[in-house]
S.K.: 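Would you mind keeping the following structure in view while I ask a few things?
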Amino acid sequence: MTAPVFVVETFPPHLAAAGGGQYVLDGAEGRHAVSVKRMRAGETVVLTDGAGRWAEGEVIAAEGKDRLVLRLGVVVEEAVESPRITVVQALPKGDRGELAVETMTETGVDAIVPWAASRCVTQWRGDRGLKALAKWRATAREAGKQSRRVRFPEVADAASSKQVAALLTKADFAAVLHEDRAYGSAALATAQLPSAGEIVLVVGPEGGVSPEELALFEEAGAKAYRLGASVLRTSTAGTAATALLLGRTGRWS
């Protein structure tokens, strides 16, 4: 099993300059390492800033309830994966949004854009919206740690349909998952995919993407695609599609 991952805001400059050295992990992450994970001398951990920089460390000692003394190795940076996969996720009801973020993060998505689609029952407004966005970002961070990632997905501010369309115009491949069999959608499993650049995938709400939104996104360069014969919920469709794309682009090979 790979070493557990803990998050640091930044790596002190002297560690990079010296090629590693002693480091104390404290605060909430130190408490989790000492009191929950019960890390002990001789065990290995990975520290990351969540933005690709990471270092492996050996535990020297656990002090008190929230201090882990480490001997860190060299701080390195993980290369950015290509093609980059962004999922525009319509806002689901209840805690299904966090479920979608969690499983997409574990699968390997690079960015998530919450989308206030016209048919979304849930709408993020005011303080409620800020709290919901904070939950999505916290979920991505925790799922990133759990799945041993060192580059966590970016969770953007909630976007309107016009903002999503602007994002689609910049993509090298743009797809809208659409389950309506009467609509002329193609199979995502056989779509022509780029070997590099940006892939943007739009996942609609439980009520589906509206005709007006489809027209707007098609004008921006996106096409409608389907996953298979069954209809997935909005909270699972993004994860299934991300897995398919990661396999087809070679990122899982």
Side-chain angles (χ1 to χ4, degrees), residues 1-5 46 48-56 74-90 99-115 136 139-156 164 166-179 184-204 217-218 220-253:
M1 185 175 179
T2 54
V5 172
V46 169
T48 180
D49 62 0
R53 300 187 76 215
W54 65 279
E56 190 173 79
V74 179
V75 179
V76 295
E77 185 162 0
E78 181 179 85
V80 176
E81 296 273 17
S82 186
R84 189 171 185 268
I85 299 175
T86 295
V87 173
V88 175
Q89 174 66 58
L99 172 64
V101 172
E102 179 180 48
T103 54
M104 285 192 287
T105 298
E106 292 172 356
T107 304
V109 75
D110 300 296
I112 300 168
V113 179
W115 170 38
W136 280 35
T139 299
R141 172 186 166 111
E142 292 307 309
K145 290 167 56 179
Q146 179 65 35
S147 55
R148 308 297 198 257
R149 290 181 62 168
V150 297
R151 190 180 294 278
F152 303 160
E154 302 167 14
V155 179
V164 171
L167 183 66
L168 294 172
T169 61
K170 302 173 185 177
D172 297 283
F173 176 83
V176 180
L177 291 185
H178 194 55
E179 82 286 354
S185 59
L188 188 62
T190 57
Q192 184 90 26
L193 301 176
S195 58
E198 183 86 22
I199 292 175
V200 179
L201 180 71
V202 178
V203 177
F217 296 160
E218 287 181 343
K223 293 183 179 180
Y225 289 91
R226 61 184 182 276
L227 278 174
S230 61
V231 176
L232 280 70
R233 300 200 70 157
T234 184
S235 53
T236 53
T239 300
T242 297
L244 175 62
L245 294 172
L246 288 170
R248 293 202 55 220
T249 58
R251 284 182 51 177
W252 269 6
S253 60

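We count residues from 1, following the sequence as given.
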S.K.: Find out whether V150 and V46 are in side-chain contact, i.e. whether some heavy atom of one side chain is under 4.5 Å from a heavy atom of the other.
M.R.: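 A side-chain contact exists here, since the closest heavy-atom pair is under 4.5 Å.
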
S.K.: Where do A174 and Y225 come nearest, in terms of heavy atoms and distance?
M.R.: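 The pair with the smallest heavy-atom distance is O-CE1, 4.2 Å.
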
S.K.: Using modelled atom types and a 3.5 Å cut-off, is there a donor and acceptor pairing between side-chain atoms of R226 and backbone atoms of L177?
M.R.: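 Looks like no, no N/O pair under 3.5 Å.
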
S.K.: Under the salt bridge (Lys or Arg N to Asp or Glu O under 4.0 Å) criterion, do R251 and D110 qualify, and how do the steps go?
M.R.: CA-CA 12 Å; R251 284 182 51 177; D110 300 296; 2.7 Å; yes

S.K.: Enter the distance from L244:CG to T239:OG1 here, rounded to the nearest 0.5 Å.
M.R.: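 Going from CG on L244 over to OG1 on T239, the span is 12.5 Å.
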
S.K.: May I ask you to test the P83-I199 pair for a side-chain heavy-atom distance under 4.5 Å?
M.R.: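 Heavy-atom side-chain distance check passes, below 4.5 Å.
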
S.K.: Could you tell me whether the side chain of I85 reaches within less than 4.5 Å of the side chain of L246, counting heavy atoms only?
M.R.: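 When only atoms from C-beta onward are counted, I85 and L246 do touch, with a gap below 4.5 Å.
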
S.K.: Any donor and acceptor pair, going by atom type alone, linking the side chain of Q89 with main-chain N or O of T234 inside 3.5 Å?
M.R.: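 Yes; at least one donor-acceptor contact below 3.5 Å.
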
S.K.: Considering only heavy atoms from C-beta outward, does the side chain of V203 approach that of V87 to under 4.5 Å?
M.R.: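 Yes; the side chains approach each other to less than 4.5 Å.
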
S.K.: Would you compute the distance between atom CG of L168 and atom CD of E198 and round it to the nearest 0.5 angstrom?
M.R.: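 If I round to the nearest 0.5 Å, the distance is 10.5 Å.
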
S.K.: Does the salt bridge (Lys or Arg N to Asp or Glu O under 4.0 Å) test come out yes or no for E106 and R148, once each step is laid out?
M.R.: CA-CA 9 Å; E106 292 172 356; R148 308 297 198 257; over 6 Å; no

S.K.: Nearest 0.5 Å, please: how far is CH2 in W136 from CD1 in I112?
M.R.: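 So the gap between those two atoms works out to 7.5 Å.
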
S.K.: Could you measure the distance from the CZ atom of F173 to the CG atom of L245? Nearest 0.5 Å is fine.
M.R.: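 Result: 7.0 Å between the selected atoms.
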
S.K.: What's the shortest heavy-atom distance between P153 and T105, and which atoms?
M.R.: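 Reported closest heavy-atom pair: CG-OG1, 3.3 Å.
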
S.K.: Just by distance, do the side chain of T236 and the backbone of L232 share a donor-acceptor pair under 3.5 Å?
M.R.: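 Judged by distance alone, no pair lies under 3.5 Å.
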
S.K.: Can you tell if the side chain of R53 reaches within under 4.5 Å of the side chain of V76, non-hydrogen atoms only?
M.R.: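 Heavy-atom side-chain distance check fails, nothing below 4.5 Å.
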
S.K.: Quick check: closest heavy atoms across A222 and V176, and the distance to 0.1 Å?
M.R.: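 In this case the closest contact between A222 and V176 is CB-CG2, 3.9 Å.
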
S.K.: Quick check against the 3.5 Å criterion: does R84 have a side-chain atom that pairs as donor or acceptor with the backbone of A196?
M.R.: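 No.
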
S.K.: I need the L99 CG to R233 CZ distance, nearest 0.5 Å.
M.R.: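 L99 atom CG to R233 atom CZ measures 10.0 Å (nearest 0.5 Å).
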
S.K.: Does the separation of the ring centres of F217 and W115 fall below 6.0 angstrom?
M.R.: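 Yes; W115 has its ring centre under 6.0 Å from that of F217.
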
S.K.: Taking atom OG of S235 and atom CE of M104, what is their separation to the nearest 0.5 Å?
M.R.: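 Here the interatomic distance stands at 9.5 Å.
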
S.K.: Which heavy-atom pair separates L227 from A240 by the least distance, and what is that distance?
M.R.: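 Heavy-atom minimum between the residues: CD1-CB, 4.1 Å.
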
S.K.: Within the 4.5 Å heavy-atom criterion, are L167 and V88 side-chain neighbours or not?
M.R.: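 Side-chain contact under 4.5 Å: yes.
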
S.K.: Would the distance check show the side chain of R248 and the main-chain N or O of A189 forming a donor-acceptor pair, the cut-off being under 3.5 Å?
M.R.: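 A pair under 3.5 Å: yes.
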
S.K.: I'd like to know if R151 and D49 make a salt bridge, using a cut-off of under 4.0 Å between side-chain N and carboxylate O.
M.R.: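 D49 and R151: not salt-bridged.
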
S.K.: Could you tell me which non-hydrogen atom of G204 sits nearest to which non-hydrogen atom of A90, and how far apart they are?
M.R.: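 That would be C-CB, 3.4 Å.
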
S.K.: Any side-chain heavy atom of V164 within less than 4.5 Å of one from V202?
M.R.: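 Heavy-atom side-chain distance check passes, below 4.5 Å.
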
